[in-house]
Amino acid sequence: MGVHEEAGPVSPSATPDPAPLLEALGVEVSLEVLERALTHSSYAYEQGGLDNERFEFLGDAVLGQAITHSLYLRFPDLPEGELAKRRASIVSTSALAEVAEFINLGVHLRLGRGEELTGGREKPSLLADALEALIAAVFLDQGPVAATACVERLMGGLVDDADARSEVSDPKTALQEWAAKHQSGVPQYTITHSGPDHAKIFVAQVFLDSPSPERTPVGEGSGSSKKAAELVAASVALKSLRA
């Protein structure tokens, strides 16, 4: 028997048939708790009732604990820093949004008119928050064992692929580690930009050791900010160096 919070007035017709979503979760969850998990604050503001923000808070903690335990068991030889880096990549907004898209979570969300009109069902941050709320719903309705099993079912593949995902989410650190391992110096970035102030395009070049006119960059990338350009340059450099 789960622990329920008062769910407030909700309309069962506001979401499609929940059966496919429950099948993806691999566990039964009461309709009352499920609808609370799917209710965005914009919907609650317009229609009344409670939103899923408290569920998000709880789900974030449940998710973090489950992923931490899974990484600890699967990678017994990794140091704390590597485990933390992999965990961060798995519980990132982009990773959670990918899982949410895979289970078609967006179509089940209860959104206010504004969020609906601005593409809320496809927003990564909104999808990631909703997935955390779903995990909380399982925890509250079925208990911690079922919630942990649900996380493993949804995200076990990300745990297995944590190393590659960590590199994708932080290519600058991955490049620095590669350079250190191969005694290739320290990555150094140069930045140039073009375009008007309101629409600048930044170009980053990354060198191993000090940049100079005589040296060829190991990677180059562009983006709407310095950080974005550097991330692309580091990713390009990694692919080039490994090739």
Side-chain angles (χ1 to χ4, degrees), residues 1-5 7-44 47 49-71 73-74 87 89-111 115-116 119-162 165:
M1 184 174 179
V3 179
H4 292 195
E5 293 188 44
V10 290
S11 170
S13 62
T15 57
D17 180 8
L21 183 58
L22 292 174
E23 182 178 355
L25 295 178
V27 62
E28 289 295 324
V29 180
S30 73
L31 183 59
E32 178 187 32
V33 176
L34 181 63
E35 287 186 339
R36 170 75 183 275
L38 298 172
T39 302
H40 188 257
S41 57
S42 61
Y43 182 94
Q47 305 294 330
L50 301 174
D51 61 37
N52 63 4
E53 291 183 353
R54 282 174 55 84
F55 276 32
E56 292 170 21
F57 172 77
L58 175 61
D60 176 68
V62 174
L63 173 66
Q65 182 181 47
I67 293 299
T68 298
H69 188 223
S70 185
L71 287 168
L73 294 178
R74 294 196 193 193
R87 178 181 60 193
S89 69
I90 295 169
V91 301
S92 66
T93 295
S94 61
L96 296 180
E98 285 179 25
V99 174
E101 289 174 357
F102 181 74
I103 64 174
N104 209 20
L105 179 55
V107 303
H108 296 272
L109 297 180
R110 297 154 61 82
L111 303 178
E115 280 294 343
E116 190 75 68
R121 297 185 189 280
E122 291 81 40
K123 290 181 180 177
S125 60
L126 197 152
L127 289 171
D129 289 344
L131 185 64
E132 290 177 341
L134 268 184
I135 292 168
V138 176
F139 181 91
L140 290 169
D141 199 65
Q142 298 294 327
V145 174
T148 298
C150 178
V151 172
E152 176 66 25
R153 178 183 177 91
L154 292 174
M155 309 191 70
L158 297 185
V159 174
D160 292 333
D161 196 35
R165 177 165 289 277

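Below, each value reflects all heavy atoms present in this structure, side chains not excepted, and no hydrogens, waters or symmetry copies.
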*Asks:* Show your reasoning for whether side chain to side chain contact (heavy atoms under 4.5 Å, CB included) applies to Leu127 and Thr93.
*Replies:* CA-CA 8 Å; Leu127 289 171; Thr93 295; over 6 Å; no
*Asks:* Only counting residues at least two apart or in another chain, list the ones meeting salt bridge (Lys or Arg N to Asp or Glu O under 4.0 Å) with Glu23.
*Replies:*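 Checked Glu23 against salt bridge (Lys or Arg N to Asp or Glu O under 4.0 Å); zero matches.
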*Asks:* Measuring only between side-chain heavy atoms, which start at C-beta, is Leu105 closer than 4.5 Å to Leu38?
*Replies:* yes
*Asks:* With rounding to the nearest 0.5 Å, note down the distance linking CG in Asp60 to CD in Glu132.
*Replies:* 4.5 Å
*Asks:* Decide yes or no on side chain to side chain contact (heavy atoms under 4.5 Å, CB included) for Leu25 and Leu154, but give the supporting numbers first.
*Replies:* CA-CA 7 Å; Leu25 295 178; Leu154 292 174; 3.9 Å; yes
*Asks:* I'd like to know if the side chain of Thr39 reaches the main chain of Glu35, judged simply by a donor and an acceptor atom lying under 3.5 Å from each other, with no hydrogens or angles considered.
*Replies:* yes
*Asks:* Is the side chain of Ser92 donor-acceptor paired with the backbone N or O of Ser89 at a distance under 3.5 Å, no angle test?
*Replies:* yes
*Asks:* Got a second to check how far Ser41's OG is from Leu50's CG, nearest 0.5 Å?
*Replies:*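 Separation between the atoms: 12.0 Å.
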*Asks:* Any side-chain heavy-atom pair from Leu134 and Leu34 closer than 4.5 angstrom?
*Replies:* yes
*Asks:* Mind checking what makes side-chain contact (heavy atoms from CB on, under 4.5 Å) contact with Pro20, not counting sequence neighbours?
*Replies:*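 By the side-chain contact (heavy atoms from CB on, under 4.5 Å) rule, Pro20 matches Asp17.
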*Asks:* Give me the atom names and distance for the closest heavy-atom approach of Leu131 to Ala100.
*Replies:* CD2-N, 4.4 Å
*Asks:* Apply side-chain contact (heavy atoms from CB on, under 4.5 Å) to Arg153 and list each qualifying residue two or more places apart in sequence or on a separate chain.
*Replies:*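 Result, side-chain contact (heavy atoms from CB on, under 4.5 Å) vs Arg153: none returned.
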*Asks:* Start with the C-alpha gap between Glu28 and Asp141, add the side-chain angles, then the distance that decides, and say whether side chain to side chain contact (heavy atoms under 4.5 Å, CB included) holds.
*Replies:* CA-CA 9 Å; Glu28 289 295 324; Asp141 199 65; over 6 Å; no
*Asks:* Of the non-hydrogen atoms in Ala37 and Asn52, which two are nearest, and what is the gap between them?
*Replies:*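 For Ala37 and Asn52, the tightest heavy-atom pair comes out as O-ND2, 2.9 Å.
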*Asks:* Let's go through Leu96 and Leu63 carefully: what are the C-alpha distance in whole Å and the side-chain angles of both, what is the deciding distance for side chain to side chain contact (heavy atoms under 4.5 Å, CB included) to 0.1 Å, and is it a yes or a no?
*Replies:* CA-CA 10 Å; Leu96 296 180; Leu63 173 66; 3.6 Å; yes
*Asks:* Measure the NE2-CG distance between His108 and Leu22 for me, rounded to the nearest 0.5 Å.
*Replies:* 8.5 Å
*Asks:* Looking at Gly156 and Arg74, what are the two nearest heavy atoms and their distance?
*Replies:* O-NH1, 3.4 Å
*Asks:* Hey, is the main chain of His40 close enough, under 3.5 Å, to the side chain of Arg110 for a donor-acceptor pair?
*Replies:* no
*Asks:* Are Arg121 and Glu115 close enough, and set up right, to give a salt bridge (Lys or Arg N to Asp or Glu O under 4.0 Å), and what steps lead you there?
*Replies:* CA-CA 8 Å; Arg121 297 185 189 280; Glu115 280 294 343; over 6 Å; no
*Asks:* Which atoms form the tightest heavy-atom contact between Phe139 and Leu58, and what is the distance?
*Replies:*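 Nearest heavy atoms, Phe139 then Leu58: CD2-CD2, 3.9 Å.
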*Asks:* If you measure from CG on Leu158 to CD on Glu98, what distance do you get to the nearest 0.5 Å?
*Replies:* 7.0 Å
*Asks:* Can you check whether Leu109 reaches Tyr43 side chain to side chain, under 4.5 Å on heavy atoms?
*Replies:* no
*Asks:* Provide the closest heavy-atom pair for Ile135 versus Gly59 in the form atom of the first, atom of the second, distance.
*Replies:*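 Looking at all heavy atoms of both residues, the shortest contact is CG2-O, 4.3 Å.
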*Asks:* With a 4.5 Å cut-off on side-chain heavy atoms, are Ile90 and Leu71 touching?
*Replies:* yes
*Asks:* Which heavy atom of Ala147 sits nearest to which heavy atom of Val62, and what is that distance?
*Replies:*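 What the structure gives for the nearest pair is CB-CG1, 4.0 Å.
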